[in-house]
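Okay, so here's the structure we're looking at.
Heavy atoms only: backbone and side chains are in, while hydrogens, waters and symmetry mates are out. As the structure lists them, so they are numbered: ligands from 1, and atoms in each ligand from 1.
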Amino acid sequence: MTITEMRVTPIAISDPPLLNAAGLHAPYALRTIVELVSDERIVGIGEVPGGVKTTQALEAARDTVVGCDPYQMNALRRDLEERFGTEGAQARGESPWDKRVHVHVMSAVEVACFDLIGKATGRPVCDLLGGRVRDRVDFSAYLFYKYEGAGGELGFETDPDAVGWAAARQMAALDPEGIVAQARSMCDEYGFASIKLKGGAFPPKEEADAILALREAFGPRVPLRLDPNAIWRIETALEVGRRLAGVLEYFEDPVRGQEQMAAVSRELEMPLATNMCTTSFEDIPGSVRLGSEQVILSDHHFWGGLRASVELARICRVFGRGLSMHSNSHLGISLAAMAHLAAATPNLSYACDTHYPWQREEVVVGGRRGFDDGAYVVTNDPGLGVDLDREALERLHRRYLECGLSERNDEEEMQKRRPGWRFEPVRW
Ligand code: GKR
Ligand code: MG
């Protein structure tokens, strides 16, 4: 099989005004869709966080990818690395999300290769990763402090006809009561049985109060997680950590960097988790030496693909790390890839993160994917089990061209609400 064509399409999807340590989500989140077409006219697809830099890097990779056999992923990776180099771990930057470009290129191309092979052979991607150990992949409710509004063309307005979760998604949630109400409607709609709160937006005491309010509302059987995206000082993390002892399933990135995470970990009983201080293979020796976290959140988009994430899972097993999964605003291609990876990863022992309930649009045929009692059901459909809706792709691409956004910048968006607001890597 030969890849004869590579299409790269940046898109913009509506995204509500969610708050985090770096500011506020813009009305649109950027994604880039990659299609690899084979000589038999079979199309494999991939989705990654978008923006001009990643899109241009994917365009630049086209010459290397076209003409390859999609089965030859090792050679393809080597050729891409020889041509474009790799980025050091530092290149991820200080923001909650990963700013590296080439890991995303590798991921988009590799996922599309797997989808292509799956569609050509009639096998689901999880079979190509060694086979499934589960059919149902549990996801967790991912709560955010937020302003009113649904994002996108609805802007800060709301759709008055919306009901249920669609209505709740538009409501402001700026205090513990708002967070509990958000949790209730999201869990009712999707059946999620674990809850994560994105922190780092309000003073730590208020965020800890919200966790305690969730515990009160949902009881001890619903695991809770808190993630302030490394914006706290060690003393703050210890104070909150002691207050929430026995309440949190894990405490995600309370402080910045492996050294500080190790210092907090030595003092607290609860597991620390990360998608910020250990985010590449280059970081593993430091993680092992220092003991910076007990749980790593994998993410095939920034670990460089599905096979890299399988390698990460083995490393976690060897070094006694738990394994969970990280998310950013995304659509159904990423969701399917996450679910196939999770289905084929025996030691993925936590419900995965997903921003999916916050989005309203889709780029796959059939529209929005469903969850069954909090789980994504991985079928035996070939490849990722999803196909590109070309009309939706075209519409979301036009939106990308018109929306005026070229890279994610939550600080700039926050300044529209609070003039002069600045991102501070450590705030409290
Ligand atoms: O979408 O605002 C957000 C999140 O803060 C996201 O960017 C993070 O990468 O979900 C993420 C996390 O777990 O750190
Ligand atoms: Mg996180």
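With hydrogens and angles left out, the side-chain atoms of Ser324 and Tyr250 include a donor and acceptor closer than 3.5 Å. No hydrogens or angles considered: nothing links the side chains of Glu249 and Ser194 as a donor-acceptor pair under 3.5 Å. In the model, Asp159 has no side-chain atom that pairs as donor or acceptor with a side-chain atom of Gln170 under 3.5 Å. Side-chain contact annotation: Tyr145 with Lys198, donor-acceptor N/O pair under 3.5 Å absent.
With a 4.0 Å cut-off on non-hydrogen atoms, Asn229 touches ligand 1 through its side chain and not its backbone. Contacts between Ser327 and ligand 1, counted as non-hydrogen atom pairs separated by less than 4.0 Å, involve the backbone only. Of all the heavy atoms of Met325, none lies under 4.0 Å from any atom of ligand 1, so neither backbone nor side chain is involved. Using a 4.0 Å cut-off between heavy atoms, Asp227 contacts ligand 1 through its side chain alone, with no backbone atom that close. If you look at Asn275 next to ligand 1, the close heavy atoms, those under 4.0 Å, all belong to the side chain. The residue Met276 has no part lying near ligand 1, judged by heavy-atom distances below 4.0 Å. The side chain of Lys196, and not its backbone, has at least one atom closer than 4.0 Å to an atom of ligand 1 (non-hydrogen atoms only; side chain from C-beta on).
Looking only at its N/O/S atoms, Asp227 has OD2 as the one nearest to the Mg ion (ligand 2). Nearest N, O or S atom of Glu252 to the Mg ion (ligand 2): atom OE2.
In terms of heavy-atom proximity, Leu405 sits nearest to Ala26 at CD1-CB, 4.0 Å. The two atoms that bring Glu47 and Ser334 nearest to each other are OE1-N, 2.9 Å, heavy atoms only. Scanning both residues, Ala337 and Leu384, for their nearest heavy atoms gives CA-CD2, 3.7 Å.
Here Phe139 and Phe192 keep their ring centres 6.0 angstrom or further from each other. Checked against the 6.0 Å centroid criterion, the rings of Phe302 and Trp97 do not qualify as a close aromatic pair. A ring-centre distance under 6.0 Å is not found for His340 and Phe114.
Taking a cut-off of under 4.0 Å to the non-hydrogen atoms of His25, the atoms of ligand 1 that pass are 1 (O), 2 (O), 3 (C). Ligand 1 places these atoms under 4.0 Å from at least one heavy atom of Asn20: 2 (O), 3 (C), 5 (O). Less than 4.0 angstrom separates some heavy atom of His355 from each of these atoms of ligand 1: 1 (O), 3 (C), 4 (C), 10 (O).
In terms of protein heavy-atom proximity, atom 11 (C) of ligand 1 is nearest to His326 NE2, 2.9 Å. At the top of the distance list for atom 6 (C) of ligand 1, counting protein heavy atoms only, stands Asn328 OD1, 3.0 Å. Among protein heavy atoms, the minimum distance from atom 12 (C) of ligand 1 is reached at Lys198 NZ, 3.1 Å.
Remark: distances from the non-hydrogen atoms of Leu18 to ligand 1 are all 4.0 Å or more. At least one heavy atom of Arg408 sits less than 4.0 Å from an atom of ligand 1.
Ligand 1 has an N or O atom lying under 3.5 Å from an N or O atom of Tyr142, backbone or side chain. At least one N or O atom of Pro96 sits closer than 3.5 Å to an N or O atom of ligand 1.
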Stepwise salt bridge (Lys or Arg N to Asp or Glu O under 4.0 Å) check, Glu239 with Arg243: CA-CA 6 Å; Glu239 200 181 317; Arg243 201 170 157 220; over 6 Å; no
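The shortest distance between side-chain heavy atoms of Cys352 and His326 does not fall below 4.5 Å.
In this structure a side-chain-to-backbone donor-acceptor pair under 3.5 Å is missing from Lys416 to Pro419.
Taking 2.8 Å as the threshold, Met276 does not count as a candidate ligand of the Mg ion (ligand 2), since none of its N, O or S atoms lies below it. In summary, Asp253 places no N/O/S atom under 2.8 Å from the Mg ion (ligand 2), failing the contact criterion.
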